Amino acid sequence: MSMLNLSWNSDLNNNINCNFKPKETERLTDLKSREEREYLLYSAWSCVLTKSESECLLKLGIRNHSFPPWTSWKGLLDTHPAAATTEQIKILRRQAVLESAYPPWIAGSDEENYPLTRKVQRDIWIHQHPLNCNNPNVKFLLADWERLPGFGIGAQIAGMCGLLAIAINERRVLVTNFYNRADHDGCKGSSRSSWNCYFFLETSLECRQRALELMRSEDAWSKGIVTTKENYTSRHIWAGPTPRIWGEPWNYLQPTTDINGSLVASHRKLDRRWWRAQAVRYLMRFPTEYTCNLLNEARHAAFGKIAAEMVLESPAEEWPEENRNKSGSGIEEYVWSNHKPWIPRPLLSIHVRMGDKACEMKVVEFEEYMQLADRIRRHFPNLNSIWLSTEMQEVIDKIKEYSGWNFHYTKVRRQGRTNVSMAKYEASLGRESSTNYPLVNFMMAADSDFFVGALGSTWCFLIDGMRNTGGKVMAGYLSVNKDRFW
């Protein structure tokens, strides 16, 4: 979908498509000007986002072998024949996985995440994936995602975090069912109207099928083997007890949130903050191919030209001829390929929440967010890039006043100064756009080096949790307000 904005002004962005071909009489290696070479590389990347890789490369005439594999799971070295040469090594590796291996979706050291994050994530996964879903002792909580018009994506996720807490406390497997935000044409086949259009399912397909079967059994209902969201009060879902099976690790959270120049050492909702961070990390632990494609488009639109310039600064020989038919070595294929897509580092994410949020908290003008951005840059002077997310057009209009910063943001129609409700605004965008662009912003914020937001916003609250279980605790969080804690 075309919704992403390039943060530069250049004719190179016009009319880029997969039908680009060099002139028949002109070889690619004859492209002498830097602009032509950048255009070629950028066009190739643009093409791969919408067409098959082989088709694009054939049309562009760059090379005839695959790009390095994009791995999403650490452990690619297992595919290398020398990785486990003896049966004993294989047994030891399998034993490590079963007994103590930590989940691969957690980045950073233990000190860079909330307390017990690795253990909690592993335990949640085990809880959600029983060995035998048909065992009569396995109970289920089958829940649709909240779909009331006033509930934004953040509120829906927060509600499911509460249901996961209930499931763990009651020793039930949580099975998510209808997800209205995935009810659009971008989500194909069985992923339509399902969370697994965007992220991995929270449990196995076997457990999901078993829960749906039990829904049709009066005996299962009468014995409490299966429950639904309607079995619990709103208060229980939103403010119910945090699971205590890991003790009370929130009591020794390091203070890393700054408000008005002071660290917030503690508050009465620390348990909820810790738990929602764990729950949202589990629910969003692996983006699907669909979500990865959305992120690829966003990163390419924002950073593709910068990346092309960097690539063209590095070759010492004629490009792209020297890369033709070269095969990668083992370290290139198995080691260097296992990294995240490139973005300019360091990167600051700012989420500016205004509009109808004023009915719940004191909203803050963009200038105050930028004051905090300047404060970060005083300590990290190499910081000059901002990923900006907001629903207000007036915020986008103000970025021209800050010429010392490079702003990147999704291209989507935003609200004017009229105080339209978020529900009406999202309805005007359509279900697909109103779901896709916020999730792109969420994942970009979670991956950014620094974050500035409003702690009173559920969305910011969840972003903070995703960062604090993604190796970003010591990056801190600067908030423009402290009206409430969820």
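Quick caveat, the model's predicted, so the values are computed rather than measured. Below, each value reflects all heavy atoms present in this structure, side chains not excepted, and no hydrogens, waters or symmetry copies.
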Going by atom types only, do [X] and [Y] share a side-chain donor-acceptor pair under 3.5 Å?
X: E202; Y: W195; answer: no
X: N441; Y: W387; answer: yes
X: T227; Y: Y232; answer: yes
X: Q121; Y: R285; answer: no
X: Y402; Y: D374; answer: no
X: Q254; Y: T256; answer: no

Worksheet entry | Residue pair S190 / N196: nearest heavy atoms and the distance that separates them | O-OD1, 4.2 Å
Fill in: Where C161 and W275 come nearest, the two heavy atoms and their spacing
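Looking at all heavy atoms of both residues, the closest pair is O-NE1, 3.0 Å.
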Discussion item. So does M466 get a backbone contact from the side chain of R281, meaning a donor-acceptor N/O pair under 3.5 Å?
Written reply: yes
Discussion item. For Y369 together with W405, are the ring centres under 6.0 Å from each other?
Written reply: no
Worksheet item: Between W459 and F442, is the gap from one ring center to the other below 6.0 Å?
Response: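 For W459 and F442, the ring centres are under 6.0 Å apart.
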Worksheet item: With under 30° as parallel and over 60° as perpendicular, where do the rings of H300 and Y42 fit, or are they tilted in between?
Response: parallel
Residues two or more places apart in sequence or in another chain: which of them pass salt bridge (charged side-chain N to carboxylate O under 4.0 Å, His left out) with [X]?
X: E368; result: none
X: R377; result: none
X: K424; result: none

Worksheet, complete the sentence: residues 144-160 vs salt bridge (charged side-chain N to carboxylate O under 4.0 Å, His left out), sequence neighbours excluded, gives D144-R147, E146-K229
Fill in: Sequence neighbours excluded, every pair satisfying salt bridge (charged side-chain N to carboxylate O under 4.0 Å, His left out) that has a member inside residues 454-481
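Of all non-adjacent pairs touching residues 454-481, those that pass salt bridge (charged side-chain N to carboxylate O under 4.0 Å, His left out) are R273-D464.
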Item to complete: Could you tell me which residues satisfy ring pair (Phe, Tyr, Trp, His ring centres under 6.0 Å) with Y425, sequence neighbours excluded, listed by chain and number?
Response: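 Partners of Y425 by the ring pair (Phe, Tyr, Trp, His ring centres under 6.0 Å) criterion come out as none, since no residue qualifies.
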